[in-house]
Amino acid sequence: MDHLQISKGQEFNEFYARLPEWQGWLASLLIDADGNTVGPDGTSKSISNSIDLQLLLALRSKSELIVTTGKTARAENYRASRFAPLAFITRKPETLEHLPAISEPGSHKNCFLKPNSTELDFDDLGQQLNALGFSKMLFEGGTRSLARMVTTASHSQLVLTISNFGSIGPDDLKPMLAKVLPRTDTAELQDAFIAGPNLVSRWGFNAA
């Protein structure tokens with residue numbers, strides 16, 4: 001596991017060069033050293049830092065579409081991205097009308113995805129998005145929906161960032177992943193590196 005050399009002001013460019021191109025689903029998840037996905041304020045903002053933000057922006061810049069759930073969008077008060085349009089997985093679009101991403105969508109057009117069942121099927125969602133012309137989707141959601149992604153999408157990837165990782169080392173990565181996504185039997189570690197105070201790992205999944 002190597003240290004990504006990051007020059008001040010070049011964080012975005014360094015991450016853009018290191019992170020992969022992909023087809024289909026790739027998700028981003030941020031946790032702290034205890035495996036929490038949110039901080040004291042109930043959002044991920046309080047466990048995030050400037051380095052993690054630049055990684056997220058680099059991922060967004062590589063995507064064709066940013067996909068999230070209505071629950072995550074409401075909890076994080078989603079705003080439009082300058083890099084790609086947003087797609088919201090929800091049965092009740094009217095519950096998102098107050099979000100900045102809806103009232104101020106910017107240059108991209110938002111879209112809404114209605115799941116065909118109570119449990120998300122990411123192969124089905126992917127087919128819907130492929131029909132709309134999207135083939136490279138970045139998913140930003142909670143652990144429950146992420147668990148559905150890695151078990152229902154034929155192939156998917158996850159970029160897991162541990163902020164302020166402290167003494168966590170390479171041997172701890174799989175247990176940390178299992179802490180937030182219990183069903184990780186098919187997970188394969190594809191990359192891992194240290195970036196400032198964060199430990200970043202990239203995992204590949206093949207649904208059973």
Side-chain angles (χ1 to χ4, degrees), residues 22 24-32 34-49 52-106 108-126 128-129 132 134 136-153 156-163 177 179-184 200 203 205:
W22 74 91
W25 291 104
L26 182 145
S28 173
L29 181 65
L30 173 69
I31 61 175
D32 65 14
D34 294 321
N36 299 309
T37 58
V38 297
D41 66 346
T43 77
S44 62
K45 294 181 177 65
S46 52
I47 62 170
S48 184
N49 53 57
D52 169 70
L53 176 60
Q54 292 303 311
L55 184 148
L56 177 62
L57 293 177
L59 283 173
R60 285 184 164 198
S61 74
K62 284 176 171 279
S63 70
E64 295 176 350
L65 183 69
I66 301 162
V67 183
T68 191
T69 63
K71 181 179 179 180
T72 294
R74 288 188 295 271
E76 300 285 344
N77 197 34
Y78 256 54
R79 297 180 180 276
S81 170
R82 69 181 186 272
F83 295 113
L86 294 172
F88 301 93
I89 304 171
T90 181
R91 291 184 176 83
K92 297 180 178 180
E94 65 276 8
T95 65
L96 306 178
E97 291 177 353
H98 67 286
L99 295 178
I102 304 300
S103 59
E104 300 177 18
H108 299 292
K109 183 178 180 181
N110 298 317
C111 62
F112 297 91
L113 298 172
K114 186 176 181 180
N116 290 327
S117 62
T118 55
E119 294 290 343
L120 295 180
D121 184 324
F122 277 77
D123 259 357
D124 176 68
L125 292 170
Q128 291 185 49
L129 293 172
L132 295 174
F134 299 107
K136 188 163 60 171
M137 292 82 71
L138 175 65
F139 182 68
E140 301 173 1
T143 54
R144 181 177 178 181
S145 52
L146 274 175
R148 293 295 300 173
M149 184 195 80
V150 302
T151 55
T152 62
S156 60
Q157 295 184 65
L158 169 66
V159 175
L160 177 67
T161 301
I162 305 172
S163 66
L177 177 68
K179 193 172 184 177
V180 291
L181 292 177
R183 295 181 62 183
T184 55
V200 181
W203 300 85
F205 299 86

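Counting from 1, the numbers follow the sequence of the chain as shown.
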Does a side chain donor of either S46 or D41 reach within less than 3.5 Å of an acceptor in the other side chain?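 The answer is yes; a qualifying pair exists.
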Under a plain distance cut-off of 3.5 Å, with no hydrogens placed, do E76 and S44 share a side-chain donor-acceptor pair?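 S44 vs E76: donor-acceptor pair found between side chains.
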Any non-hydrogen side-chain atom of [X] less than 4.5 Å from a side-chain atom of [Y]?
X	Y	value
I89	L120	yes
T161	S28	no
V180	L146	no
F139	S156	no
F134	V67	no
L99	N77	yes
I162	I31	yes
W25	L125	yes

Got a sec: does the [atom1] of [X] have more than 12 other heavy atoms crowding it under 6.0 Å?
X	atom1	result
R79	CZ	no
K114	NZ	no
R91	CZ	yes
K62	NZ	yes

Main chain of [Y], side chain of [X]: is a donor-acceptor contact present, judged purely on distance under 3.5 Å?
X	Y	value
S48	K45	no
S163	I47	yes
D32	G39	no

If you take all heavy atoms of [X] and [Y], which pair is closest and at what distance?
X	Y	result
L96	I102	O-CG1, 3.1 Å
G141	L29	O-CD1, 4.2 Å
W22	M137	NE1-O, 3.2 Å
E140	L56	OE2-CD1, 3.4 Å

Can you measure from OG1 (T37) to NZ (K179) and round to the nearest 0.5 angstrom?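 Rounded to the nearest 0.5 Å, the OG1-NZ separation comes to 11.5 Å.
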Residue that, paired with L181, satisfies side chain to side chain contact (heavy atoms under 4.5 Å, CB included) out of L158, T151, L160: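 Result: among L158, T151, L160, L158 is the only option passing the side chain to side chain contact (heavy atoms under 4.5 Å, CB included) with L181.
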